Amino acid sequence: MVEKVPHWADIAAEEIINIKGKKNVVATGITPSGPIHLGNLREILTGDALYRALKEKGAEVDFIYIADTFDPLRKVYPFLPESYSEHVGKPISEIPDPEGCHENYAEHFLEPFLGGIRVLGINPKVIKAHESYKNGLYTEIIDITLENNEKITEILNEIAGRNLEKDFVPLLPKCEKCGRLTTTKIVSYNIQKHQVEYQCKCGYNGVADYSKGEAKLPWRLDWPGRWKIFGITVEPFGKDHATAGGSYDTGKIITKEIFGYEPPYPFIYEWIYLKGKGAMSSSKGIAISINEILEILPPSWVRYLILRYKPDKHIDFDPVNGYILLAEDYERLERIYYRLEGTEEDWAEFARIYELSQVGEIPKEPGPQVPLRHIITLAQISLGNEENLKEMLIRSGYEKELKRFDEIIRRVRYVERWLEKFAPSQVKFKLQDTIPEIVRTFAPREKEFLKALAGKIEEKDWNGDELQNLIYNLAQSLGIEGKKAFKLIYLSFLNQDSGPRAGYFLVSLPKDFVIKRLEEAGTL
RNA sequence: GAGCCGUUAGCUCAACUGGCAGAGCACCUGACUCUUAAUCAGGGGGUUGCAGGUUCGACUCCUGCACGGCUCACCA
């Protein structure tokens, strides 16, 4: 019996228990101000891995996701209509959905994200910030903030190198008239009544009651505030917050000295880059949304994609060429876990990452053992028809995987989306409905070969290997170079020079069709 | 300017608290009468970015430098 090599989440969990004890709250937070992408997913997946690792070590642990639905809209993002300039500065929970399908702007981006993480087996308790403010959860924190106004200003000036005026008040009242958080200036406040008097740039002067969600703390206070409110002990966050003078630096001082709460165990992760394009960013249009990724990869593969790397490594995700590599890595991982391949040492090394990649319970059996590479071929010749697909699987030697046909179909769908959106041209082909014109240019001897091949294929039921050999041998006997022979076949069926391994390819196609096409090519 | 993270084989990454530098892919050779994006067997590959230091021992710790990424705004 070999010991599993611990995953980084296991090592961190142990350290967390040493520092924080057995009772923990893991928190993550993402602002749903645009489509939530794969980069953002790293945060919540990191949290999920820590949550699971802690739980397995016997810790009592909660996992929460705080949606920053009360944040103001910062600017008119490229994906928004120009008319949204009037909403800049308003909380995203109070702006209309740009596509009109949800209750509000925040919901529009939050809902698909939550759907996506559920598919990935991530089930945090969801907390919407605007509701927390409305329900008065922040009231006490805001009281303390106002009481310690000057001290906080000092901390921000010192740690973050700010140049804030003495009368700076770290609270953003929402203008009753124009609805913006970013255009108000506080004139006075009354902590007993939880009220602040403000002047807004829109010309309105009013009073906001922060116990009713009529004001918001700026990020630098909001973050440490929520640590105390929700009892947060562990929080993964992006490297942007980890910098000296950044919000974790000020947050940990503020929470200790002002709120009387210990900062959570920080867990810093790197960005995910899109190969060749830079850091993922919805607002720059270089992002793959979570739902796009779930269209091309099974959920456990997505988990693996992120969890396999240590959080301090940046990930270069290459949906074009990296796709097949990822598939092959995962397939190998799976074979090792179920001991279809590799040594006990291999098993020990990979077992934990396999477990953490699973969406729910660890399956008793591996998934269908049909390589994605082969599915890429099948998807393109079966043209989405399930009966065709079934026959092709049998013909290409995967009959015993038919018991997992549903999962194979799902993989075909993933691959179809990938072919449509990302696949490099080398792997793409299209079975030609009619015989390509180029076949007319074949030499007589080449046509003879194709005709002879048709005759041979008719003789019996071949398997992929046999047919592969047949093609080669037949070509040799007719004095045609192997390479040329395969090219002739690809041109006849696909109208291109190369293609999937010919024997397996032809054997996957309906026999009648193959014979007819070869004969036709031979006589054209 | 200040600081954070990274730098290990051609590529992507491992190496738990210092203890023999490893995988996958790619590449090369061979095999399967056999071409591909297939299978099997074998192989080459490293001054761990550079320069010092601590140590019996450094990829690991310390100092400096270089390169890449990021951040220092009421911004996630």
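Here is the naming used below: chain letters follow the sequence lines, and residue numbers restart at 1 for every chain. These numbers were taken from a predicted model, which means no experiment stands behind them.
- For B/A14, the OP1/OP2 oxygens have a side-chain nitrogen or oxygen of A/Lys313 closer than 4.0 Å.
- Base pairing of B/G57 is not made with any nucleotide, judged by Watson-Crick or G-U wobble geometry with both donor-acceptor distances under 3.5 Å.
- For A/Tyr309 and B/U12, a side-chain-to-base donor-acceptor distance below 3.5 Å is absent, hydrogens and geometry of angles not being considered.
- The listed nucleotides are B/A14, B/G24, B/C16; the one nearest the side chain of A/Ile11 is B/C16.
- Under the Watson-Crick and G-U wobble criteria, each requiring two contacts below 3.5 Å, nucleotide B/C4 is paired to B/G69.
- Under the 4.5 Å side-chain criterion, counting only non-hydrogen atoms from C-beta, A/Lys90 is not in contact with A/Lys174.
- A ring-centre distance under 6.0 Å is not found for A/His314 and A/Tyr309.
- Of all nucleotides present, none satisfies the Watson-Crick or G-U wobble test against B/G46 with each distance under 3.5 Å.
- As the counterpart of B/A51, B/U63 is assigned, both hydrogen-bonding distances of the Watson-Crick or G-U wobble pattern falling under 3.5 Å.
- Considering only side-chain atoms of A/Lys239, the nucleotide from B/G69, B/A38, B/A23 that sits closest is B/G69.
- Distance alone, capped at 3.5 Å, is enough to place a donor-acceptor pair between the A/Tyr105 side chain and the A/Ser33 backbone.
- For B/C13, the OP1/OP2 oxygens have no side-chain nitrogen or oxygen of A/Arg308 closer than 4.0 Å.
- With B/C70, B/U36, B/C74 as the candidates, the nucleotide lying closest to the side chain of A/Trp271 is B/C70.
- Looking at the side chain of A/Asn473, the nearest of the listed nucleotides B/A23, B/C74, B/U33 is B/U33.
- A salt bridge links A/Lys216 with A/Asp71: the distance from a Lys NZ or Arg NE/NH1/NH2 to an Asp or Glu carboxylate oxygen falls below 4.0 Å.
- The side chain of A/Asp329 approaches B/G24 more closely than any other nucleotide in the set B/G24, B/U36, B/C25.
- Across all strands shown, B/G30 pairs with B/C40; the Watson-Crick or G-U wobble distances both stay below 3.5 Å.
- When the P atom of B/A14 is taken as reference, atom NZ of A/Lys4 falls 21 Å away, rounded to whole Å.
- Listed nucleotides B/A37, B/A15, B/C74 differ in distance to A/Phe168; the shortest reach to its side chain belongs to B/C74.
- Taking atom CG of residue A/Asp312 and atom C1' of nucleotide B/G68, one finds them 15 Å apart after rounding to whole Å.
- Judged by Watson-Crick or G-U wobble contacts below 3.5 Å, the nucleotide B/G18 has no partner.
- Judged by distance alone, the side chains of A/Tyr323 and A/Asp318 never bring a donor and an acceptor atom under 3.5 Å apart.
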